[in-house]
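Reading through the C-alpha cells given below for one structure.
The first residue of the sequence shown is numbered 1, and numbering continues consecutively from there.
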Amino acid sequence: MYAYRELSPLDDDWLGWKISKGKLITPNGWPLTPNRIIMGNALIEIGAADELRFQREVLRTARMLKKLK
C-alpha cells in the first residue's frame, strides 16, 4: 500500500480517499497518519457529552479552516 491507491472500489463512502506512502489521504488532500486517526477518535470519545454535536462542531471548524487558504 505504499503506492498511490484509490479506495473508492471498496465502497462509495470512500470516494475521493486514497492511500499513498503509508498515509490515508482525505478527499481534501489532508494526509492522515495512524497516530492522527487514533488521536482524532480519542478526542471525540473523551471530549463529547453529546458526540453528534461535537462531531458537527469539528467538521464545521475544519471547513472554515479550509476556506482560509
Heavy-atom neighbours of D12 CG exceed 12 at 6.0 Å: no
All salt bridge (charged side-chain N to carboxylate O under 4.0 Å, His left out) counterparts of R60, not counting sequence neighbours: E57
Main-chain N/O of W30 paired with N28 side-chain donor or acceptor, under 3.5 Å: no
Heavy-atom pair with the smallest gap, counting every atom of I25 and S20: CG1-CB, 4.2 Å
Closest approach of P34 to G22 (non-hydrogen atoms, all atoms of both residues): CD-O, 4.5 Å
Residue list, side chain to side chain contact (heavy atoms under 4.5 Å, CB included) with [X], at least two apart or on another chain:
X   : result
L10 : L7, W14
T33 : K23, N35, R36
L32 : W17, L24, T26, I37

